[in-house]
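Scroll down for the structure; my scribbles are underneath it.
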Amino acid sequence: MALDLVVPVREAATNAQLRWALRSWSAHLPHRHVWTVGYRLHWLTEEARHIPTRQQGTSYANTTLAMRAACDEPEVSDPFIWVDDDVFVMHPMPGVPVVHRGPMRELIAARAGQGGPYVEELRATYAWLTGRGYSDPLSYDVHAPMPVGKAGMLAALDAAPGHDAHKRTVYGVLGGLGGEQVDDVKITYRAPRGFGPDSRYLSTLPDAFANGHVGRYIRAEFPGPCRYETAGRR
C-alpha cells in the first residue's frame, strides 16, 4: 500500500516552495494522500487533506506539534512519510530509503564556535543521547523524506528533552534505524553550484528558490500544476 505524505506548513501568504514541492512529489514519489499539518494555504485543493494546529512556538516546537498531530490522526497511514515543504524529489522514487548525515560528533566539530538554535539543539540532543548510553549517535536531521512509524515516533517525542530537540534524530537513534549516509542537500545561495541532474533530492532557502539558479532549475523541471493546486494566481 502506498503511504501518506505528511508535511508541516507554517503560516505564510503563498509558500511557493510548497507548490513546487507538491509537483515534485506528485511526479516522483508514489503516495496515497498528502496531509498538510498546521496552516492551510488558500490555493490547496480538497485533495490535500489537512490537520490544523496552533503555531505559537519556535519552528522546532511547531513541527513537533505537527508530528504528534499526524501520529495521533487515525486516518493518516502507519507508517507515513514525513517531508518538509522545502524538499523537492528530483527523480522517480519507488520507495523512501532511510538516510542520515553521519555521526553527530562530526557535525558538532564542524560547527565549533558557532551558535544559533540549530547548533544549540544539535549539541543538546547529542548530550541527551550520549547520556542515555548511545556512544556515537547518528544525525537524521537531513533535508529528505523520512519514513515514520507512529508508535516509535510518539515514544521518541515522549522521551525527547523538550519540544526543540532534533526529533528525527531521537526517533532514528532510539529506533536503531541505521540507513544510508548522505550529504545534506540544502542550497542556501543563488550561485549555480551544489546541484545538477544527479541530485536525488534538493532543498532551498526561500531566497535561493525565488532568486537563485537552483530555484529556476526546480521550476523548469516541474512547469505544470499538480492535482493539489487550485487554478489562478500563483
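- Considering only heavy atoms from C-beta on, V7 comes within 4.5 Å of W25 through its side chain.
- Using modelled atom types, no side-chain atom of H28 and backbone atom of M93 make a donor-acceptor pair closer than 3.5 Å.
- For the atom pair OH (Y118) and OG (S59), the distance works out to 12.5 Å, reported to the nearest 0.5 Å.
- To the nearest 0.5 Å, atom CG of residue L107 and atom OG of residue S139 are 5.0 Å apart.
- Residues forming a side-chain hydrogen bond (donor to acceptor under 3.5 Å, both in side chains) with D164 (at least two apart in sequence, or on another chain): T58.
- Of the possible donor and acceptor atoms, none in the side chain of S203 sits under 3.5 Å from a partner among the backbone N and O of H143.
- Side-chain N or O atoms of R168 include one that pairs as donor or acceptor with a backbone N or O of V142 at under 3.5 Å.
- The number of heavy-atom neighbours closer than 6.0 Å to CD of E180, taken from other residues, nucleotides and ligands shown, is above 12.
- Nearest heavy atom pair, residue S199 against residue F195, reads OG-CA, 3.5 Å.
- Listed by chain and number, the residues in a side-chain hydrogen bond (donor to acceptor under 3.5 Å, both in side chains) with Y228 are H31 (sequence neighbours excluded).
- Looking at R40, its side chain does come within 3.5 Å of a backbone N or O of A48 through a donor-acceptor pair.
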*Under the side chain to side chain contact (heavy atoms under 4.5 Å, CB included) rule, what do N15 and D85 come out as? Steps first, then yes or no, please.*
CA-CA 8 Å; N15 197 332; D85 62 358; 3.0 Å; yes
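- The shortest side-chain heavy-atom distance between M146 and V83 does not fall under the 4.5 Å cut-off.
- Between L122 and I108, some side-chain heavy-atom pair lies under the 4.5 Å cut-off.
- The two residues V89 and S24 make their nearest non-hydrogen contact at N-OG, 3.1 Å.
- The ring pair (Phe, Tyr, Trp, His ring centres under 6.0 Å) pairs that include a residue from residues 83-114 are F88-F209, H100-Y140, where partners are two or more places apart or lie in different chains.
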*Take H166 and Y126 through the test side chain to side chain contact (heavy atoms under 4.5 Å, CB included) and record every step on the way to the result.*
CA-CA 9 Å; H166 287 193; Y126 176 76; over 6 Å; no
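- V87 and V34 fall within a single hydrophobic cluster, where Ile, Leu, Val, Met, Phe, Trp and Tyr side chains are chained together by heavy-atom contacts under 4.5 Å.
- Residues Y39 and T53 form no side-chain contact, since every pair of their non-hydrogen atoms from C-beta on lies 4.5 Å or further apart.
- In this structure a side-chain-to-backbone donor-acceptor pair under 3.5 Å is present from E229 to C226.
- The pair R23-E221 does not count as a salt bridge, with every side-chain nitrogen at least 4.0 angstrom from each carboxylate oxygen.
- At a threshold of 4.0 Å, the pair R32-D4 counts as salt-bridged, since one of the basic side-chain nitrogens sits closer than that to a carboxylate oxygen.
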*Verify salt bridge (Lys or Arg N to Asp or Glu O under 4.0 Å) between R101 and D183, making sure each step is shown before the conclusion.*
CA-CA 6 Å; R101 296 182 65 184; D183 294 329; over 6 Å; no
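- Under a 3.5 Å cut-off, the side chain of Q181 and the backbone N or O of P103 do not form any donor-acceptor pair.
- The closest side-chain heavy-atom distance from P147 to I81 is below 4.5 Å.
- Across all their heavy atoms, T169 and L138 have their closest contact at CG2-O, 3.3 Å.
- Note on Y60 and V119: same hydrophobic cluster, where clusters join Ile, Leu, Val, Met, Phe, Trp and Tyr whose side-chain heavy atoms are under 4.5 Å apart, directly or indirectly.
- For the pair R219 and Y217, the cation-pi test (distance below 6.0 Å, angle within 45°) is failed.
- To the nearest 0.5 Å, atom CH2 of residue W35 and atom CZ of residue R49 are 5.0 Å apart.
- Side-chain N or O atoms of T204 include none that pairs as donor or acceptor with a backbone N or O of P206 at under 3.5 Å.
- Both F80 and M153 are part of a single hydrophobic cluster, where members link through side-chain heavy atoms under 4.5 Å apart.
- Separating the OG1 atom in T230 from the CD atom in E47 is a distance of 12.5 Å, to the nearest 0.5 Å.
- Look at D86 and K186 and you find a salt bridge, because one of the NZ, NE, NH1 or NH2 atoms lies within 4.0 Å of a carboxylate O, short of that distance.
- Judged by distance alone, with hydrogens and angles left aside, the side-chain atoms of T45 form a donor-acceptor pair with the main-chain N or O of R227 at under 3.5 Å.
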*Evaluate the criterion side chain to side chain contact (heavy atoms under 4.5 Å, CB included) for residue pair T125 and V170; output intermediate values, then yes/no.*
CA-CA 8 Å; T125 304; V170 173; 3.8 Å; yes
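- For the pair T14 and L41, the tightest heavy-atom approach, listed with the atom from each and the gap, is O-CD2, 3.6 Å.
- Looking at heavy atoms from C-beta onward, L29 lies in side-chain contact with V96 at the 4.5 angstrom threshold.
- Side chains of D207 and R190 form a contact here, defined as non-hydrogen atoms less than 4.5 Å apart.
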*Check the pair R10, D84 against salt bridge (Lys or Arg N to Asp or Glu O under 4.0 Å), reporting the backbone distance first and the verdict last.*
CA-CA 10 Å; R10 65 193 181 280; D84 293 314; over 6 Å; no
*Just do the side chain to side chain contact (heavy atoms under 4.5 Å, CB included) check on V99 and R200 with the steps written out, would you?*
CA-CA 12 Å; V99 296; R200 176 170 50 174; 4.1 Å; yes
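- To the nearest 0.5 Å, the span separating CG on D72 from CE on M67 amounts to 12.0 Å.
- Of all the heavy atoms in G194 and I187, the pair that sits closest is O-CD1, 3.6 Å.
- Cluster annotation: Y171 and L129 are assigned to the same hydrophobic cluster (Ile/Leu/Val/Met/Phe/Trp/Tyr, side-chain heavy-atom contacts under 4.5 Å, transitive).
- Judged by distance alone, the side chains of K167 and T63 do bring a donor and an acceptor atom under 3.5 Å apart.
- Nearest approach of V76 to K150, heavy atoms of both residues: O-NZ, 2.7 Å.
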